[in-house]
Asker: 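Mind looking over this structure? Questions follow.
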Amino acid sequence: MFRKTFLPPVANLLAFEAVARRNSVSRAADELHLTQSAVSRQIHQLETQLGVTMFHRVRQRVVLSEAGRAYAAEVRILLHQLSDATRRTMACTQRDELNLAVLPTLGTRWLIPRLGDFMALKPEVTINFTSRTLPFEFSKEPFDAAIHFGAPDWAGAVCEYLMHEEVIVVCSPALQRLHRIRQIADLSGVVLLHQMSRAAQWASWLEQHGANTAQALRGPQFEQVAMLAQAAASGLGAALLPRFLVERELSSGELIQLFPQALNSTDAYYFVYPQSLAQAPLVREFGAWILGQCRTPADVPQAHA
């Protein structure tokens, strides 16, 4: 429970943030369309309430005190959060905007090339994309929904199954020729490339196929699938990658599939949204559309990452 004693007027916080950012009362006043005396008065009120000096005067400039510098960093974050919360609430009442957190390579290579179909159905809707690779708390983030890979386990949210993926071993043709890779045992002399969020994949794949796992955890790590695919195409090593995300490289010959065996995993893709938006029309409509895209494979040109 917050106490009103510790909640300064928002106008005073706006004045403080502007002066702190510009190191000038006059420039802050111009930005806020106020007089210099009004801004100075708001700063004085804030300092009086906090019992702390926020600024020191150095020649013709105002400079943040140590306490002011720490407070400014926190105030700036809170003002952004308040602004985002207000925007989300306004967008929610308009029901024409969806803020989506999406896995970066999935968004670039699979979702965005298909999005024209949804926009044709709902031309009045705006979809905003942000890249996220890990679960988060919807109550603390500006998102209406997310696309998640893993287990259907997300606190306070609904997880709707979309699809599994076929993960295959790939490398560049040059690397395959250099190491004369013909069978799984030949990987013992090859650098294995890893995705950071799936660090144990090579160990799982090798174990599933009865191969030596001694080197399974060694090798460079990459945060995103697109980075991993580029590293493999550049001949840096062999990688385990979802087939549907590297179709472009497979079709062009930049990558080749080394073995027919795929990785068997219980993880899958899910459309995730907070329970509070379970009946929101736009969330339901987009969820139904993306599920249809997963159920009906189509020849969609692959976008460049």
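Quick caveat, the model's predicted, so the values are computed rather than measured.
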Asker: Do Ile147 and Val225 belong to the same hydrophobic cluster, where Ile, Leu, Val, Met, Phe, Trp and Tyr are linked whenever their side-chain heavy atoms lie under 4.5 Å apart, directly or via other members?
Answerer: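 Shared cluster, yes.
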
Asker: Is the Phe118 ring parallel, tilted or perpendicular to the Phe286 ring (thresholds 30°, 60°)?
Answerer: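 If you compare the ring of Phe118 with that of Phe286, the planes turn out perpendicular.
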
Asker: Which residues pass the side-chain contact (heavy atoms from CB on, under 4.5 Å) test with Leu236, sequence neighbours left out?
Answerer: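 Leu236 satisfies side-chain contact (heavy atoms from CB on, under 4.5 Å) with Leu193, Ala231, Ser234 once adjacent residues are dropped.
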
Asker: Nearest 0.5 Å, please: how far is CG in Leu13 from CD in Glu17?
Answerer: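 Rounded to the nearest 0.5 Å, the CD-CG separation comes out at 10.0 Å.
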
Asker: I need the minimum non-hydrogen distance between Arg27 and Arg22, along with the two atoms involved.
Answerer: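 Taking Arg27 first and Arg22 second, the nearest heavy atoms are NH2-O, 2.8 Å.
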
Asker: Show, in sequence, the C-alpha distance, side-chain angles and deciding distance for Leu282 and Glu285, and conclude whether the side chain to side chain contact (heavy atoms under 4.5 Å, CB included) test is met.
Answerer: CA-CA 5 Å; Leu282 184 52; Glu285 289 167 1; 4.1 Å; yes

Asker: Under 4.5 Å between side-chain heavy atoms, hopping through other hydrophobics if needed: is there a path connecting Leu240 to Val170?
Answerer: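 Different clusters.
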
Asker: Restricting to non-hydrogen atoms, name the atom on Glu31 and the atom on Ala18 that form the minimum distance, rounded to 0.1 Å.
Answerer: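 Smallest heavy-atom distance, with atoms named: OE2-CB, 4.1 Å.
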
Asker: So how far is it from Leu228 CG to Thr105 OG1, rounded to the nearest 0.5 Å?
Answerer: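 So the CG of Leu228 and the OG1 of Thr105 are separated by 9.0 Å.
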
Asker: Do the non-hydrogen side-chain atoms of Gln230 and Glu249 ever get within less than 4.5 Å of each other?
Answerer: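 Not in contact.
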
Asker: Atom CD of Glu254 and atom CZ of Arg248: how far apart are they, to the nearest 0.5 Å?
Answerer: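 The CD atom of Glu254 sits 6.5 Å away from the CZ atom of Arg248.
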
Asker: Please report the closest heavy-atom contact between Leu217 and Ala199, naming both atoms and the distance.
Answerer: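 So the minimum-distance heavy-atom pair works out to CD2-O, 3.7 Å.
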
Asker: Could you tell me if the side chain of Asn99 sits less than 4.5 Å from the side chain of Thr130, heavy atoms only?
Answerer: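 Not in contact.
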
Asker: If hydrophobic clusters are built from ILVMFWY residues whose side chains come within less than 4.5 Å, do Val246 and Leu263 share one?
Answerer: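 As far as the 4.5 Å side-chain criterion goes, Leu263 and Val246 are not connected within one cluster.
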
Asker: Is there a side-chain contact between Ile43 and Glu47 in this structure, where contact means two heavy atoms from C-beta onward sitting under 4.5 Å apart?
Answerer: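 SC-SC contact between Ile43 and Glu47 confirmed.
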
Asker: So which heavy atom on Gln261 is nearest to which on Trp205, and how close?
Answerer: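 Where Gln261 meets Trp205 most closely, the heavy atoms are O-NE1, 3.3 Å.
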
Asker: After noting the C-alpha distance and the side-chain angles of Tyr269 and Leu103, does the key distance pass the side chain to side chain contact (heavy atoms under 4.5 Å, CB included) rule?
Answerer: CA-CA 10 Å; Tyr269 291 93; Leu103 300 165; 3.7 Å; yes

Asker: Less than 4.5 Å apart, any side-chain heavy atom of Glu137 and any of Glu141?
Answerer: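 They are not in contact (no side-chain heavy atoms under 4.5 Å apart), so the answer is no.
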
Asker: Flag the pair Arg218 / Trp202 as yes when at least one side-chain heavy-atom distance between them is below 4.5 Å, and no otherwise.
Answerer: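 Of all side-chain heavy-atom pairs linking Trp202 with Arg218, none is under 4.5 Å.
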
Asker: Remaining members of Val63's ILVMFWY cluster at a side-chain heavy-atom cut-off under 4.5 Å?
Answerer: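 The other cluster members (ILVMFWY side chains, heavy atoms under 4.5 Å, direct or chained) are Val58.
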
Asker: Quick one: does any side-chain atom of Gln221 pair with a main-chain N or O of His194 as donor and acceptor, under 3.5 Å?
Answerer: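 No; zero donor-acceptor contacts below 3.5 Å.
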
Asker: Any chance you could measure Cys171, atom SG, to Leu192, atom CG, to the nearest 0.5 Å?
Answerer: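 Taking SG in Cys171 and CG in Leu192, the distance rounds to 11.0 Å.
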
Asker: Is there a continuous path of hydrophobic side-chain contacts, each under 4.5 Å between heavy atoms, that joins Ile290 to Phe244?
Answerer: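 Hydrophobic grouping puts Ile290 with Phe244.
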
Asker: Do you know which two heavy atoms are closest between Leu64 and Arg69, and how far apart they sit?
Answerer: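 For Leu64 versus Arg69, the nearest heavy atoms are O-NH2, 3.6 Å.
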
Asker: Would you say Trp110 and Leu291 are hydrophobically clustered, going by side-chain heavy atoms of ILVMFWY under 4.5 Å?
Answerer: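 Yes; Leu291 is reachable from Trp110 via cluster members.
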
Asker: Within the structure provided, determine whether Glu165 and Phe149 are in side-chain contact (heavy-atom separation under 4.5 Å).
Answerer: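 Yes, close enough: below the 4.5 Å cut-off.
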
Asker: Please give me the minimum heavy-atom distance between Pro104 and Gln224, naming the atom from each residue.
Answerer: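 So the two residues come closest at CG-CD, 3.7 Å.
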
Asker: With sequence neighbours left out, which residue pairs that include part of residues 38-76 fulfil the ring pair (Phe, Tyr, Trp, His ring centres under 6.0 Å) condition?
Answerer: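 Passing the test, one end in residues 38-76: Phe16-Phe55, Phe16-Tyr71.
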
Asker: Show, in sequence, the C-alpha distance, side-chain angles and deciding distance for His179 and Asp186, and conclude whether the side chain to side chain contact (heavy atoms under 4.5 Å, CB included) test is met.
Answerer: CA-CA 8 Å; His179 291 275; Asp186 296 334; over 6 Å; no

Asker: Ignoring hydrogens and geometry, is there a side-chain-to-backbone donor-acceptor pair from Ser65 to Met54 under 3.5 Å?
Answerer: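 Yes.
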
Asker: Side-chain contact test, heavy atoms from C-beta onward, threshold under 4.5 Å: evaluate it for Leu250 versus Ile168 and give yes or no.
Answerer: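 Contact flag for Leu250/Ile168 side chains = yes.
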
Asker: Quick check: Trp154 with Phe136 (ring centres under 6.0 Å apart)?
Answerer: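 Aromatic pair counts; centres sit under 6.0 Å.
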
Asker: Got a second to check how far Arg109's CZ is from Arg114's CZ, nearest 0.5 Å?
Answerer: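 Spacing of CZ (Arg109) from CZ (Arg114) equals 13.0 Å.
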
Asker: CD of Gln208: more than 12 outside heavy atoms within 6.0 angstrom?
Answerer: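 Count over threshold, so yes.
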
Asker: Under 4.5 Å between any side-chain heavy atoms of Trp289 and Lys122, yes or no?
Answerer: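 They are not in side-chain contact.
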
Asker: Given side chain to side chain contact (heavy atoms under 4.5 Å, CB included), test Gln45 with Thr48 step by step and report yes or no.
Answerer: CA-CA 5 Å; Gln45 290 172 351; Thr48 300; 5.7 Å; no

Asker: If you measure from CG on Leu134 to CZ on Arg132, what distance do you get to the nearest 0.5 Å?
Answerer: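 It is 9.5 Å, given to the nearest 0.5 Å.
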
